[in-house]
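Every value quoted in this text rests on a predicted model; they were computed, and no experiment measured them. Per chain, numbering begins at 1; letters A, B, ... match sequence-line order.
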Amino acid sequence: MLSGDIPPNQTIYIKNLNEKVKKEELKRSLYALFSQYGRILDVVALKTDKLRGQAWVVFSEVTAASNAVRQMQSFPFYDKPMRIQYAKTKSDCVAKVDGTYAPREKKKKQEEKAAEKRRKAEDAHQAASAANGPAVQNNGVHAASRQGRTTQEAVPPNNILFIQNLPHETTSMMLQILFQQYPGFREVRMIDSKPGIAFVEFSDDVHSSVGMQALQGFKITPHNPMAIAYAKK
DNA sequence: AGCACA
C-alpha cells in the first residue's frame, strides 16, 4: 500500500503499536529507534481510548521522515509490525517554531485530559527528549575505563557485546528493538542488580561487530551515549 | 481501525 495519499510531512504517524507498552517506555523506545534518521523534535503518544496504539514522531526534516516511513515500514516493534504514514497535519511543536501556532478550541477534549492525568500519576520522571542529536562516534574507551576496564587489555572480538553507560531505566526490550535491526541478533541479557550495563549476543563476532559499529555511542537519552565493547571470554 | 499536541 502507498502512504495513503498523504503528502510528505516532517511528522510521521505510527499505528498498530503494542498497547501494553507503558507510555513513557513507548516514547523512549520510539525516540531511540527513530533518532537514527535525524533529529527528533518531539514524540507524542496518548493512551486515550481513541489514541492508544498510535504515536507521532516529529523530525526536524521532511527527508528524515521520508526515510523513516520507507525503511521502518512493518518493523517489528514489541512484537507488532509498525504501520507508518506521514501525519495528516502539522505538529504543534513545528507550528510553534514557524510562528503559525494558534491554540485550538477545546471541545470534548476535557475528558481526555482528565483521563490522561490519572494515568500518568505513576510516571513522574521523563527523559528530556528533545535535545538529542545523531549518535556520536564514541569508541567506548572513556566509559570503559571509567568502569575500571583499562584500554591496554585489548579484548578480542566476541559474539557477545558488553554495553555500558545505559540510563538506568533502559529495559532489555528497548535494547532488543535497537539491536535486532542488525543481522545475527540473538538476545539481550541484563542483570537486575547491575543497572546500566547489558550483554547482547549475536550469532558470531562478524555480526556482533556490525551491531557494535552501528550503535556505538548511540544515545537512548541525551546524556547516555552507550559504550559498546566485546565481552570478555 | 483509530491523526494529537493541554
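Side-chain to base pairing of S91(A) with dA4(B): one donor and one acceptor N or O lie within less than 3.5 Å of each other.
With hydrogens and angles ignored, the 3.5 Å screen pairs no side-chain donor or acceptor of N9(A) with any backbone N or O of Y86(A).
Atom NZ of K50(A) and atom C1' of dA4(B) are 9 Å apart (whole Å). The distance from atom CG of N16(A) to atom P of dC3(B) is 14 Å, rounded to the nearest whole Å. As a whole-Å value, the separation of L41(A) CG from dC5(B) P is 18 Å. Distance CD1 (I14(A)) to P (dA4(B)): 15 Å, rounded to an integer number of Å. Residue K47(A) contributes atom NZ, which lies 16 Å from atom P of dC5(B) at whole-angstrom precision.
Ring geometry for F202(A) versus F185(A): interplanar angle over 60°, hence perpendicular rather than tilted (30 to 60°).
For the OP1/OP2 pair of dC3(B) and a distance below 4.0 Å, the side-chain nitrogens and oxygens of K15(A) include no atom meeting the criterion.
The side chain of K88(A) lies closest to dC3(B) when the candidates are dC3(B), dC5(B), dG2(B). If you check dC5(B), dC3(B), dG2(B) against the side chain of D92(A), the one that comes closest is dC5(B).
In this structure, the side chain to side chain contact (heavy atoms under 4.5 Å, CB included) partners of S172(A), at least two apart in sequence or on a different chain, are V188(A), M190(A). Considering only residues two or more places apart in sequence or on other chains, Y78(A) meets the side chain to side chain donor-acceptor pair (under 3.5 Å) condition with E25(A), S29(A).
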